[in-house]
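Each remark here refers to the structure printed beneath this line.
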2 protein chains.
Amino acid sequence: MTNYKNNNFKTAVTIAKALADETRLRALMLLADGPLCLCQIVEVLRLASSTISKHMSILQQAGLVTGRKKGRWMHFAWSDGDSSPEARQALDWINGTLRNDDQIGRDRQRLQEVLAIEPEQLCRKQNQN
Amino acid sequence: MTNYKNNNFKTAVTIAKALADETRLRALMLLADGPLCLCQIVEVLRLASSTISKHMSILQQAGLVTGRKKGRWMHFAWSDGDSSPEARQALDWINGTLRNDDQIGRDRQRLQEVLAIEPEQLCRKQNQN
DNA sequence: TTTATAATTCGTCATATAACGAAATATAGC
DNA sequence: GCTATATTTCGTTATATGACGAATTATAAA
């Protein structure tokens, strides 16, 4: 007999909602090979930085992604170790499902181009409009 | 080299969207022990039958659930065998995550009461308001 | 064929969500 | 301290979604 309050339900809904958006899935999959800063994700997905920031916040709240401030830059990464088992399983599912997807492949290709640009130059370009 | 068009992305988004709703997760988990007809799900979740019908349709489109007409009744069940691997993995994830959840447990308990009532009586009650 | 009824579809409303640009915040470098 | 700048927060707008009841559809029984 246990009094343990099993609250996986809220967690699962939060995770599923976080995954239920094309932009967030693409952003999540961009992190497959390592951390990225916001402006790099912005450059690949071609959306406003405020929009991407909100999306990353939702992914963080679901425990799928960690965001660490390194100087002026935020480094977003998959939350492998320190996340809930539910989040880790969800990451496995998404990664297994989308690893070979075409859209994700195109995004990764564009990421390679973006990685060739200095991050500083990238952000300056984005903020000068 | 392959020309195979890998379209998992749309599939994954559809599945994640299907899972991103409390009512749908509860309905999905109600099917853990076997098929149910619409009016039974309606009785447990206490929502309008049109609402539940829409939810089940979304779960079906995502490949998570099958609906078979048996006479006047629809029998909804997990789509174990004939679904996409993505859907099956998603089902595994959700089932593993929510199997011991409190909310899901309460729903199952109520399902036991509902299963004690004849389906015919159940539906008549629902349609006479 | 007519009637009853389980489920679905349709029309409507209220709420939630995603997008943007502008303003605010926080950190690095001077 | 001040200035530049990467990111976040805020306010707004358009679209998506979930709920309901009424109308429709499809099947069983009479």
Side-chain angles (χ1 to χ4, degrees), chain A residues 13-14 16-28 35-62 65-77 114 117-129, chain B residues 13-14 16-28 35-62 65-77 114 117-129:
Chain A
V13 175
T14 303
K17 285 193 185 213
L19 298 176
D21 178 87
E22 302 200 9
T23 301
R24 282 195 291 273
L25 284 185
R26 291 172 68 196
L28 195 57
L36 296 176
C37 77
L38 191 89
C39 62
Q40 293 171 318
I41 304 172
V42 164
E43 192 65 18
V44 174
L45 300 185
R46 302 174 204 259
L47 288 169
S49 52
S50 60
T51 302
I52 299 294
S53 176
K54 184 78 196 304
H55 281 310
M56 300 315 288
S57 150
I58 290 168
L59 288 170
Q60 282 183 85
Q61 288 223 338
V65 157
T66 59
R68 294 175 192 216
K69 199 135 198 173
K70 289 263 176 75
R72 267 176 296 185
W73 283 271
M74 278 296 279
H75 284 219
F76 295 103
V114 169
I117 309 171
E118 307 265 340
E120 306 217 3
Q121 199 181 336
L122 212 57
C123 290
R124 208 156 342 188
K125 196 179 71 178
Q126 287 167 9
N127 285 345
Q128 76 185 204
N129 64 341
Chain B
V13 175
T14 304
K17 285 193 184 212
L19 298 176
D21 178 87
E22 302 200 9
T23 302
R24 282 195 292 272
L25 284 185
R26 292 172 67 196
L28 195 58
L36 296 175
C37 77
L38 192 90
C39 60
Q40 294 171 316
I41 303 172
V42 165
E43 192 65 18
V44 174
L45 301 185
R46 302 176 205 257
L47 288 169
S49 53
S50 60
T51 301
I52 299 294
S53 176
K54 184 80 196 304
H55 282 310
M56 299 316 287
S57 150
I58 289 169
L59 288 170
Q60 282 183 87
Q61 288 222 338
V65 156
T66 59
R68 294 176 192 217
K69 199 136 199 171
K70 289 266 174 74
R72 264 175 299 184
W73 283 271
M74 278 295 279
H75 284 220
F76 294 103
V114 168
I117 309 170
E118 306 264 342
E120 306 217 4
Q121 199 180 334
L122 213 56
C123 291
R124 205 154 345 184
K125 195 179 70 177
Q126 286 166 9
N127 286 344
Q128 77 185 203
N129 61 345

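Labels below follow one simple rule: chain letters A, B, ... track the order of the sequence lines, proteins then strands, and each chain is numbered from 1. Quick caveat: nothing in here was measured; it's all calculated off a predicted structure.
- The interatomic distance linking B:I41 (CD1) with C:dA6 (P) rounds to 15 Å, in whole Å.
- As rounded to whole Å, 18 Å separates atom P of C:dT25 from atom CE of A:M74.
- Note on the helix from C:dT1-D:dA30 to C:dC30-D:dG1: angle between the axes of the first and last five pairs equals 40°, rounded to 10 degrees.
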For nucleotides 13-17 of chain D, which of its nitrogen or oxygen atoms have a protein nitrogen or oxygen under 3.5 Å away, and what is each distance?
unit_1: D:dT17; atom_1: OP1; unit_2: B:K17; atom_2: NZ; d: 3.4

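- Atom CG in B:L38 sits roughly 19 Å away from atom P in D:dT25 (whole-Å rounding).
- Comparing A:Q60 and B:A48 against DNA chain D, the residue whose closest nucleotide sits nearer the 5' end is A:Q60.
- Counting all heavy atoms, side chain and backbone alike, A:T14 lies closest to A:Q61 at CG2-O, 4.3 Å.
- Among residues two or more places apart in sequence or in another chain, the side chain to side chain contact (heavy atoms under 4.5 Å, CB included) test is passed with B:A16 by A:L19, A:A20.
- Protein atom CD of B:E22 is 12 Å distant from nucleotide atom P of C:dA16, rounded to whole Å.
- Residue A:Q60 places its CD atom among more than 12 non-hydrogen atoms of other residues, nucleotides or ligands, all under 6.0 Å distant.
- Annotation for B:H55 and B:T23: closest pair CD2-CG2, 3.6 Å, computed over non-hydrogen atoms.
- Distance check, rounded to the nearest 0.5 Å: OG1 of A:T51 to CG of A:L45 gives 10.5 Å.
- Near-neighbour residues of DNA chain D inside residues 50-59 of chain A, defined by a heavy atom below 4.0 Å, number-ordered: A:S50, A:S53.
- We find that CZ of A:R46 is positioned 20 Å from C1' of C:dA18, with the value rounded to whole Å.
- For the pair B:W73 CH2 and C:dA4 C1', the interatomic distance rounds to 11 Å; values are reported in whole Å.
- We find that CG of A:L36 is positioned 16 Å from P of D:dA6, with the value rounded to whole Å.
- In this structure, B:T23 reaches the D:dA19 phosphate: one of its side-chain N or O atoms is under 4.0 Å from OP1 or OP2.
- Judged by distance alone, the side chain of B:Q40 and the main-chain N or O of B:C37 form a donor-acceptor pair under 3.5 Å.
- Partners of B:R24 according to the salt bridge (Lys or Arg N to Asp or Glu O under 4.0 Å) rule, which considers only residues two or more places apart in sequence or in another chain, do not exist here.
- For B:M56, the side chain to side chain contact (heavy atoms under 4.5 Å, CB included) criterion is met by B:A27, B:L31, B:L38, B:I41, B:I52, B:L59, B:V65, B:F76, not counting sequence neighbours.
- Between the CZ atom of B:R68 and the C1' atom of C:dT8 there is a distance of 19 Å, rounded to whole Å.
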Using the 3.5 Å cut-off, write out each protein N or O paired with an N or O of nucleotides 26-28 of chain D and the distance between them.
unit_1: D:dA28; atom_1: O4'; unit_2: B:R72; atom_2: NE; d: 3.4

